[in-house]
There are 2 protein chains.
Amino acid sequence: MPKLVDHEERRAHIIDALLRTAAETGLHAVTMRSVATEAGVSVRLVQYYFDTKEQLLLAALTRLAARMGERVRDRVRTVGPSPAPRDIVEAVLLEAVPTDEESRTFHLVYTAYAVLAVTDPALAGQPFLAAPNEMEDFLVGQLAAAQRTGQSDPRLDARQEAVVLLAVSAGLGLSVLLGQRTAQDAAAVLRYHLGRLFPERR
Amino acid sequence: MPKLVDHEERRAHIIDALLRTAAETGLHAVTMRSVATEAGVSVRLVQYYFDTKEQLLLAALTRLAARMGERVRDRVRTVGPSPAPRDIVEAVLLEAVPTDEESRTFHLVYTAYAVLAVTDPALAGQPFLAAPNEMEDFLVGQLAAAQRTGQSDPRLDARQEAVVLLAVSAGLGLSVLLGQRTAQDAAAVLRYHLGRLFPERR
DNA sequence: GTTTTTATGGTACAAACATACCATCAAACG
DNA sequence: CGTTTGATGGTATGTTTGTACCATAAAAAC
């Protein structure tokens, strides 16, 4: 055998190249050749590590979803000691607003995948349904906790408010992606809305 | 000359064929041939009425945006006599939730266009920025009117609430498109949120 | 030291695509 | 009545795509 290379590392390298080209030219314009060029390898190698283009796209989507989850968890972790529910919720939802370049790439490509998945049967809806539903339950838990400790109005319907929150952050994220709003403006709107959900006590 | 046909009608016919195929197989999979087949004409005819594919796509987007505007105006018109701001706002925002098949087609293809426009410079962002900004101003006006007549809390920031409203309806519409929620559920969430914005007086 | 494997490059190929070109039919116009 | 012109069909062409095939270097295994 030759170099005996780390397969996972190679795959990750190629997938990252795909994500970069997808963010630049659009997911629809991604080709075996463009990915190979961006990754600095031959087309044959892309074939070698991902047999077919469909498998490459699927692997990229999987990696994308995983990285998104990591980013959310990182955000929650760095929110400071003994955080209030409002802080946790804010951190989680702000992750949907693309600020840095990596975040922008992620959300752009992710959205492109989501739209693609509606018509393409090969891209099963798993990552597009499992993750948000999980998130919804998480938010319901946080809201309920806030209601128990008097940080939020107990008369509110936690489930509906959670759905509204997710919709708001998704909608704001999309508008930032489309260049309609800056990330800062979107974040301000989100904080405004959270201010209504978690009234300041005085 | 031969039949001396109505150009606009022919163009509309072909564009509708494009929208149908785009809704079924995805905008990325739309080809001159598929559109021609769906429209029941030859490829040559599609070329004849829209010189290039890019022009065809652009014309379809223009028609799509126009039809969307019509639908919103129709909704507002049929909201009943002497409508309250809440009814108007509800009607406008519910248009973003794809209920019937035509609405679903519109929003799916429109979203695909929006994602495409981020990377494709040929699709200038005009329809993606002008329409929402117009809508935002409209909502601000309705909210301000409601605040003046005591139908809504005057301490609220009408501008920010309008942005939240648009984001919520966009996010809910997307989740319906992705099959995460039914249109009925999304409508219920929207009404719940409106209920918080326009409290019932008792 | 020979024989497997593994990793890689290059190239060939069939399909699909957008578009350009050639041809035709029929209605309007003079 | 002939000629121009708008509307349409068919086909050719060059390019790009995904994928299959052939080749080879080199490390491990024996």
Side-chain angles (χ1 to χ4, degrees), chain A residues 1-22 24-61 109 112-113 116-117 119-123, chain B residues 1-22 24-61 109 112-113 116-117 119-123:
Chain A
M1 316 163 179
K3 302 187 208 165
L4 218 9
V5 90
D6 182 353
H7 267 226
E8 280 319 303
E9 186 197 357
R10 269 280 200 281
R11 287 169 60 95
H13 178 230
I14 293 176
I15 287 179
D16 284 348
L18 182 147
L19 296 181
R20 260 177 282 133
T21 62
E24 198 172 340
T25 68
L27 189 60
H28 66 284
V30 163
T31 129
M32 291 279 135
R33 280 167 240 270
S34 65
V35 172
T37 304
E38 173 75 28
V41 301
S42 75
V43 178
R44 181 62 183 78
L45 260 219
V46 181
Q47 275 187 279
Y48 184 69
Y49 287 105
F50 310 87
D51 238 40
T52 166
K53 185 188 181 182
E54 185 177 311
Q55 287 187 28
L56 170 62
L57 285 174
L58 221 63
L61 174 56
V109 181
Y113 265 111
L116 200 60
T119 49
D120 194 332
L123 265 55
Chain B
M1 316 164 180
K3 302 186 206 165
L4 218 10
V5 89
D6 181 351
H7 266 226
E8 280 319 303
E9 186 198 357
R10 269 280 199 280
R11 286 169 62 93
H13 179 230
I14 293 175
I15 287 179
D16 285 347
L18 181 146
L19 297 182
R20 259 177 281 133
T21 63
E24 198 172 339
T25 67
L27 189 61
H28 67 284
V30 162
T31 132
M32 291 279 135
R33 281 169 243 270
S34 65
V35 172
T37 304
E38 173 75 27
V41 300
S42 75
V43 177
R44 181 63 183 80
L45 259 220
V46 181
Q47 275 187 278
Y48 183 70
Y49 287 104
F50 310 86
D51 238 39
T52 166
K53 184 186 182 182
E54 184 177 313
Q55 287 188 28
L56 171 61
L57 285 174
L58 221 63
L61 175 56
V109 180
Y113 264 111
L116 200 61
T119 50
D120 194 331
L123 266 54

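Just so we're clear, the structure is a prediction, and the values are computed from it rather than from any experiment. Chain A is the first sequence line, chain B the second, and so forth, proteins listed ahead of strands; every chain is numbered from 1.
- Relative to the side chain of M32(A), the nucleotides dC17(C), dT19(D), dT19(C) differ in distance, and dT19(D) lies closest.
- The phosphate of dT6(C) has neither OP1 nor OP2 within less than 4.0 Å of any side-chain N or O from H7(A).
- As a whole-Å value, the separation of H28(B) NE2 from dA16(C) C1' is 14 Å.
- Nucleic acid contact class of F50(B) (heavy atoms, under 4.0 Å, all strands): none.
- Regarding contacts with the backbone of dT19(D), a side-chain N or O of T52(A) is found under 4.0 angstrom from either OP1 or OP2.
- Taking side-chain N and O atoms only, T31(A) has a distance below 4.0 Å to OP1 or OP2 of dG18(D).
- Here the side chain of R33(A) is nearest to one of dT19(D), dG9(D), dA18(C), namely dT19(D).
- What you find for H28(B) and T25(B) is that their closest heavy atoms are CE1-O, 3.6 Å.
- One atom, CG of L45(A), and another, P of dT24(D), lie 18 Å apart when rounded to the nearest Å.
- With Y49(B) as the fixed residue, the side chain to side chain contact (heavy atoms under 4.5 Å, CB included) test singles out one of Q55(B), R10(B), E8(B), H13(B): R10(B).
- Rounding to whole angstrom units, OH of residue Y48(B) and P of dT19(C) are separated by 18 Å.
- For the OP1/OP2 pair of dT8(D) and a distance below 4.0 Å, the side-chain nitrogens and oxygens of Y49(B) include at least one atom meeting the criterion.
- Taking 3.5 Å as the limit, the base of dA20(C) and the side chain of Q47(B) contain a donor-acceptor pair of atoms between them.
- Distance I14(A) CD1 to dA7(C) C1': 12 Å, rounded to the nearest Å.
- Contact record, S34(B) with T21(B): O-CG2, 4.0 Å, taken as the closest heavy-atom pair.
- Rounding to whole angstrom units, CZ of residue R10(B) and C1' of dG9(D) are separated by 13 Å.
- Minimum interatomic distance between M32(B) and T52(B) (heavy atoms only, all atoms of both residues): CE-C, 4.1 Å.
- Following rounding to the nearest Å, L57(B) (CG) and dA18(C) (C1') show an atom-to-atom distance of 12 Å.
- In this structure, CG of D51(A) is placed 15 Å from P of dT8(C), rounded to the nearest angstrom.
- Summarising the geometry, the separation between CZ on R44(A) and P on dA23(D) is reported as 14 Å, rounded to the nearest angstrom.
- Within 4.0 Å of V41(A), counting heavy atoms only, lies no atom of the nucleic acid at all.
- Taking both residues in full, the closest heavy atoms of A22(A) and V109(A) are given as CB-CG2, 4.0 Å, listed atom of the first, atom of the second, then distance.
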